[in-house]
Amino acid sequence: MRLYRYIGPSDIGARAGIHSTGTRVTTPAHLAKWIVATHQLADAEGRIVATFVVTAEGILLLADRASEHVQCAGGQPVRSAGEMAFAYVGDAWRVEEVSNQSTGYCPEQESWPQVAFALDEIPLAHPGRFTTPCVFRRCPVCAQINIVKDGYFACAVCGADLPERWNLDADTAR
């Protein structure tokens with residue numbers, strides 16, 4: 001299991017401080033309480049969309065969608081990070097959509113089992129995969145963080161070829 005360290009802009013990371021703005025969600029009742037307490041509003045499809053991280057301990061933390069992942073995590077390493085969309089279906093909350101879209105942590109798609117574990121522990125029904133998976137790579141020439149689109153492994157800034165393997169950890173960045 002990989003832990004992802006924050007690799008985003010240092011000024012954002014510095015504002016994260018030592019206290020997490022994320023709310024621990026360990027039961028469906030915690031999720032419902034968080035939605036009400038933070039005045040979450042449904043999107044056009046009736047879903048509540050939130051920023052999430054899975055802590056090093058495997059706990060789901062949620063924050064407002066406009067929040068930075070590093071703030072949600074209190075600057076700590078995470079097992080995964082991204083966005084989740086919740087919907088109330090029948091008589092229960094469920095995760096309708098989930099992505100690993102976090103340019104601060106850049107988690108791999110392979111972090112899905114960590115997200116599934118956290119959701120299964122709550123328990124919350126989920127789609128069983130990232131519904132919108134992101135592929136992140138750092139350019140070996142200009143160091144820009146890129147989201148690879150349509151399998152096109154080229155830097156959006158300088159055009160250099162991007163590596164096939166994940167390379168955003170400090171040990172593998174160059």
Side-chain angles (χ1 to χ4, degrees), residues 1-9 12-89 92-137 145-148 166 168-169:
M1 174 199 64
R2 181 188 302 264
L3 286 179
Y4 298 92
R5 295 179 294 198
Y6 178 72
I7 59 170
I12 293 173
R15 289 193 309 258
I18 59 170
H19 298 293
S20 168
T21 60
T23 298
R24 291 172 59 104
V25 175
T26 57
T27 68
H30 288 157
L31 172 61
K33 184 177 178 180
W34 174 79
I35 290 169
V36 171
T38 59
H39 309 287
Q40 296 297 306
L41 300 174
D43 66 8
E45 289 83 32
R47 302 166 309 162
I48 303 295
V49 183
T51 291
F52 84 88
V53 299
V54 176
T55 67
E57 297 76 30
I59 303 297
L60 179 69
L61 299 181
L62 295 180
D64 186 80
R65 186 181 195 181
S67 299
E68 295 288 342
H69 292 95
V70 68
Q71 291 170 324
C72 183
Q76 296 301 306
V78 299
R79 292 183 181 190
S80 192
E83 289 188 348
M84 282 188 189
F86 301 94
Y88 198 75
V89 179
W93 285 99
R94 64 172 285 119
V95 176
E96 291 286 307
E97 294 184 30
V98 60
S99 77
N100 61 320
Q101 185 176 339
S102 168
T103 56
Y105 285 102
C106 301
E108 297 166 279
Q109 294 176 56
E110 290 79 7
S111 69
W112 169 255
Q114 303 305 319
V115 178
F117 173 82
L119 294 172
D120 290 344
E121 288 293 303
I122 291 174
L124 280 175
H126 57 78
R129 62 183 167 74
F130 287 123
T131 55
T132 306
C134 295
V135 175
F136 299 98
R137 297 294 186 271
I145 295 173
N146 288 264
I147 296 178
V148 175
W166 187 84
L168 288 133
D169 196 323

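Among pairs with a residue in residues 58-70, those fulfilling salt bridge (charged side-chain N to carboxylate O under 4.0 Å, His left out) read R65-E83, at least two apart in sequence or across chains.
Residues L168 and Y4 form no side-chain contact, since every pair of their non-hydrogen atoms from C-beta on lies 4.5 Å or further apart. The shortest distance between side-chain heavy atoms of N100 and E108 does not fall below 4.5 Å. Side chains of F136 and P107 form a contact here, defined as non-hydrogen atoms less than 4.5 Å apart. Within the 4.5 Å cutoff, the side chain of Q114 has heavy atoms near those of the M1 side chain. Contact of the F52 side chain with the V25 side chain is not registered, since no non-hydrogen atoms from C-beta on lie closer than 4.5 Å. Residues V53 and Q76 are not in side-chain contact: their nearest non-hydrogen atoms beyond the backbone lie 4.5 Å or more apart. Looking only at side-chain heavy atoms (C-beta outward), W112 and P133 stay at 4.5 Å or farther from each other. Using a 4.5 Å heavy-atom threshold, the side chains of V49 and M84 count as separate.
For the residue pair T26 and I59, the shortest heavy atom distance occurs at CG2-CG2, 4.2 Å. Taking each heavy atom of F130 and S99 in turn, the nearest pair found is CD2-C, 3.5 Å. Nearest heavy atoms, C106 versus I7: SG-CD1, 3.8 Å.
Annotation: the span from Q101 atom CD to T51 atom OG1 amounts to 9.5 Å, rounded to 0.5 Å. Atoms CD1 and CH2, on I48 and W93 in that order, are 5.0 Å from each other to the nearest 0.5 Å. Note that the CG atom of L62 and the CG atom of L31 stand 6.5 Å from one another [nearest 0.5 Å]. Atom OG1 of T132 sits about 10.5 Å away from atom CD of Q109, to the nearest 0.5 Å. Note that the CZ atom of F86 and the CH2 atom of W34 stand 6.5 Å from one another [nearest 0.5 Å]. Once rounded to the nearest 0.5 Å, the distance linking CH2 of W166 with CZ of R137 reads 9.5 Å.
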Stepwise side-chain contact (heavy atoms from CB on, under 4.5 Å) test for L60 and R24
CA-CA 6 Å; L60 179 69; R24 291 172 59 104; over 6 Å; no
Evaluate the side-chain contact (heavy atoms from CB on, under 4.5 Å) criterion for residues Y6 and H69: first the C-alpha distance (whole Å), next the side-chain angles of each, then the deciding distance (0.1 Å), finally the verdict.
CA-CA 9 Å; Y6 178 72; H69 292 95; over 6 Å; no
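The salt bridge (charged side-chain N to carboxylate O under 4.0 Å, His left out) check on R47 picks up D43, E45, E97, with sequence neighbours excluded.
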Side-chain donor-acceptor contacts of residues 116-129 below 3.5 Å, not counting sequence neighbours, with atom names and distances?
unit_1: D120; atom_1: OD1; unit_2: H126; atom_2: NE2; d: 2.8
unit_1: H126; atom_1: ND1; unit_2: G128; atom_2: N; d: 3.0

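The backbone N or O of Q71 sits less than 3.5 Å from a side-chain atom of T21, completing a donor-acceptor pair.
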